[in-house]
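These notes concern the structure reproduced below.
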Amino acid sequence: MTDIYGYAAASPLYRAAGWMQVIPLPEGRKTPPPSGFTGRSRKPVTDEQVQVWSQATPNANTGIVIPEGVLVLDIDAEQGHRVKADGAKGISELSQELGALPATWSSTSHGIDSPARHLFYKVPEGLAWKGGAIEGVDILQPGHRYSVVWPSIHPSGEMYCWYTPSGAFSGTLPHIGDLATLPWKWVDYLRKPDRVSNSTTLTPSYSREYDDRMCKAVNTFLNKTLANPASKGSRHDTTLQAVWALVNFAQEGHRGALDAISQLKPRFIQEVAPDRQGKEREAAREWASILSGAMEKVNGIQSHTDPCEQSKIERMTPGEFNEPTQNAAASQMEESHPEAVQNTGTMPVQAGSTPVAPVQNGSMESHEANKTASSSWQFEDLTQLASGIELPPTPTVFQREDGQGLFYRGAVNDLHGEPGCGKSMLAQIATAQELKADRDVIYIDYEDSARNVVKRLLLLGVTGEQIVAHFHYVRPSAKPSSPTSLDGWRETLDYADTATLAIIDGVTSCLAYAGLDSNSGDDIAAWYNTMPRLISACGPAVVLIDHVVKSKDNRGRYAGGSMQKLALIDGISYSVNMTKPVGKGVRGTIVIKSGKDRISEIKEHCAVSWSSNGSHLREAARIEINSTDPKLMRVTIARPNMMPSEDRQAKRDDFRPTGLMERISRMLEDSLEEPNQSELFKALKEDGSGARTAVMSKAVSLLLQEGFVSNRSGRNNRSIFKSVRPYRQIDDPKSDAYVDRMSREEASELDDENHLEI
């Protein structure tokens with residue numbers, strides 16, 4: 001089996017061992033899987049389909065979709081670039097409570113000694129499972145994810161290998177019947193509680209009918225919550241957010257919001273009680289705490305008009321934000337300054353406010369006009385546009401190293417991509433760039449927390465003083481027009497007058513809080529006109545952070561949900577892809593490609609060639625992120641790689657397995673004898689390396705070419721090798737682990753100075 005490589009050779013072996021849902025994955029990568037063959041509604045993989053894939057992509061990586069009766073524990077190690085917790089340590093602590101896990105077959109690309117691996121177990125069929133055991137340990141289960149397995153190649157260049165229950169490297173595949181059985185204590189802990197039917201409770205089913213007591217928005221929101229009660233990671237967190245949202249719905253006047261809360265209560269208690277030590281009593285106390293916490297946040301006057309009973313235009317026009325605010329403020333003014341209200345008949349401008357200046361190279365509208373206009377239907381004065389005095393916005397925000405800006409001020413821009421591809425990181429890099437220039441930034445966050453965002457800004461070199469003076473962060477839990485949000489929304493538009501950048505992180509969540517459907521073109525259009533465009537009209541570059549569409553055919557061209565999102569972008573839309581992992585201790589790369597440039601001032605500065613997948617995306621920048629220094633993140637926003645993406649030979653020539661090169665160098669340095677190639681490769685395998693022969697040959701060849709290793713003729717005219725000088729990744733400028741000596745010397749000098757001061 002050591003000579004087998006690629007999906008075409010491996011898939012028949014897996015199917016013979018009982019792994020029928022074996023799928024191809026891109027060579028050297030984990031994603032994306034073929035469309036329609038994963039998930040709960042997956043199509044079965046047939047012999048004919050395997051033959052088609054094998055002919056089309058014979059060298060593809062191999063994945064197995066988890067079948068019924070099998071469960072996989074995905075254990076992450078502490079050093080993983082996306083890991084927040086040490087899964088190996090957590091599973092060990094959990095074993096003290098539930099008993100030791102039995103030894104079983106496992107798969108990993110990290111070598112024989114690494115705890116990071118997939119553990120395969122037999123389990124009863126028909127059970128529903130949690131999404132994870134503990135933090136750092138995910139659960140791969142039927143209908144959810146897949147496992148990348150031998151002979152696939154990890155992005156690092158290492159090969160995935162199978163290991164027997166004893167922990168030894170295996171040259172054969174496990175049959176499903178060979179897997180160890182997961183103990184019942186673990187089964188009970190990892191499974192979701194059974195759904196108990198009780199006619200005396202108010203527990204709704206997933207297929208509940210439309211409840212006339214509730215308006216459309218509440219019915220839709222309740223159905224989504226009940227259909228996926230752990231969508232936010234746990235039932236507690238999901239219920240907490242749902243109750244807060246429904247309380248806000250009630251404040252906004254939505255009919256039946258409180259009835260929806262009453263329906264959530266018995267469902268929550270029933271589903272979490274089995275996991276609580278105090279059972280139903282403890283679950284009831286937990287519910288009471290959730291509800292009281294949400295009610296404490298309620299302030300302002302409840303609306304008497306259900307927004308769902310108004311037309312879309314009536315409930316989403318900018319006047320909605322203005323009218324309640326003006327009414328409330330006017331009533332306060334009548335008490336303190338009745339003459340001002342009588343004389344003007346409208347809300348006076350707040351004392352100390354500054355008249356809005358025209359946006360440089362952008363729209364002449366001010367947010368005051370938006371806040372006080374009685375109607376959004378107004379014909380525009382085209383005199384300046386027709387005379388050429390007022391030009392379209394130019395890209396000045398998020399500048400590359402050559403000075404080319406990548407976001408338009410006074411327009412709505414977009415970053416979209418798969419989860420974990422670095423969208424938010426790019427937004428924060430752009431934020432840091434503006435803050436370092438002492439410019440204001442608005443950050444509307446539906447996905448993260450202020451603590452994490454500020455921590456990253458500090459790593460990017462922003463000072464605490466710049467953050468306090470110029471960074472305006474908010475994490476809303478309702479739409480801007482709700483009574484509890486109106487003051488904050490007005491403050492946002494005030495900040496927008498001076499801000500150069502405004503981030504909205506989490507378009508899908510923002511739409512959900514507004515009670516809107518991310519798949520509805522009407523809802524999306526209404527939201528764009530009442531939030532992003534109101535902010536962009538004040539002058540800043542608005543950047544939306546969104547997910548890609550589910551369809552692989554359209555992925556990359558526009559964000560998830562509706563094509564209306566792409567149509568409404570009046571700046572530029574970027575697809576985001578992480579080509580090298582970003583994280584602590586590594587140097588990663590994120591590439592952005594332009595899909596739509598409404599103003600057409602950036603596309604001429606993008607790569608000259610389209611992407612090879614026909615998506616009409618052109619590379620706009622390569623963002624190199626160096627996190628090898630724990631105290632400072634170094635970022636280079638480089639010009640695009642102009643090389644055509646089809647030139648795979650160049651990529652193959654550039655491949656440099658630096659980790660394996662260092663491993664071979666150390667092995668030869670410590671060797672008492674000069675090994676030949678076969679002996680060297682055998683020693684690497686015994687040392688836990690999963691690299692295939694071609695990769696090991698590449699590593700040896702590079703070491704020879706660059707003078708780290710020498711060879712001469714030995715027994716039977718075989719080349720034998722010895723070390724000339726040590727090779728280390730840290731000294732190799734072409735390695736992701738490279739740290740220049742000057743940086744190390746500076747760090748050493750700094751340490752010496754600190755010791756002297758002490």
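The figures here come from the full heavy-atom set of this structure, side chains too, leaving out hydrogens, waters and symmetry mates.
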To the nearest 0.5 Å, tell me how far [X] [atom1] sits from [Y] [atom2].
X: Tyr528; Y: Leu511; atom1: OH; atom2: CG; value: 8.5 Å
X: His154; Y: Arg29; atom1: NE2; atom2: CZ; value: 13.0 Å
X: Ile444; Y: His472; atom1: CD1; atom2: NE2; value: 12.0 Å
X: Lys580; Y: Ile623; atom1: NZ; atom2: CD1; value: 14.0 Å
X: Ser575; Y: His416; atom1: OG; atom2: NE2; value: 4.5 Å
X: Ile590; Y: Leu426; atom1: CD1; atom2: CG; value: 4.5 Å

Donor-acceptor check, side chain of [X] to backbone of [Y], threshold 3.5 angstrom: yes or no?
X: Arg533; Y: Asp570; answer: no
X: Arg409; Y: Gly539; answer: yes
X: Lys423; Y: Glu418; answer: yes
X: Asp597; Y: Ile602; answer: yes
X: Gln433; Y: Gln399; answer: yes
X: Asp629; Y: Lys631; answer: yes

[Y] side chain reached by [X] side chain, heavy atoms, under 4.5 Å:
X: Asp438; Y: Gln466; result: yes
X: Cys538; Y: Asp497; result: yes
X: Ile467; Y: Leu458; result: yes
X: Tyr574; Y: Val543; result: no
X: Arg656; Y: Asp732; result: yes

Out of Leu460, Val462, Asp440, which residue meets the side chain to side chain contact (heavy atoms under 4.5 Å, CB included) rule with Leu435? Val462
Side-chain donor-acceptor contact under 3.5 Å, Asp445 with Tyr473: yes
Are a donor atom and an acceptor atom from the side chains of Thr636 and Glu401 found within less than 3.5 Å of each other?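 Their side chains do not contain a donor-acceptor pair, so the 3.5 Å distance test is not met.
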Minimal non-hydrogen separation, [X] against [Y], with atom names:
X: Pro33; Y: Leu25; answer: CA-CD2, 3.7 Å
X: Tyr408; Y: Ala541; answer: O-CB, 3.0 Å
X: Gly571; Y: Asn413; answer: CA-OD1, 3.7 Å
X: Arg618; Y: Ala607; answer: NE-O, 2.9 Å
X: Ile572; Y: Leu406; answer: CG2-O, 3.5 Å
X: Ser424; Y: Arg456; answer: C-NH1, 4.5 Å

Applying side-chain contact (heavy atoms from CB on, under 4.5 Å) to Trp489 and Ile535, what does each step give before you reach the verdict? CA-CA 10 Å; Trp489 173 243; Ile535 299 175; 4.0 Å; yes
Set out, in order, the CA-CA distance, both residues' side-chain angles and the distance that settles side-chain contact (heavy atoms from CB on, under 4.5 Å) for Lys584 and Ser627, then state yes or no. CA-CA 5 Å; Lys584 290 182 180 179; Ser627 301; 5.5 Å; no
SB check Asp74 Arg145 (cutoff 4.0 Å):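 Here Asp74 pairs with Arg145 in a salt bridge, since their nearest N and O are under 4.0 Å apart.
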Decide side-chain contact (heavy atoms from CB on, under 4.5 Å) for Asp448 and Tyr443; before the verdict, give the C-alpha distance in whole Å, the side-chain angles of both, and the deciding distance to 0.1 Å. CA-CA 11 Å; Asp448 208 337; Tyr443 205 103; over 6 Å; no
Determine, stepwise, if the pair Asn61 / Lys30 fulfils side-chain contact (heavy atoms from CB on, under 4.5 Å). CA-CA 8 Å; Asn61 273 358; Lys30 302 179 183 181; over 6 Å; no
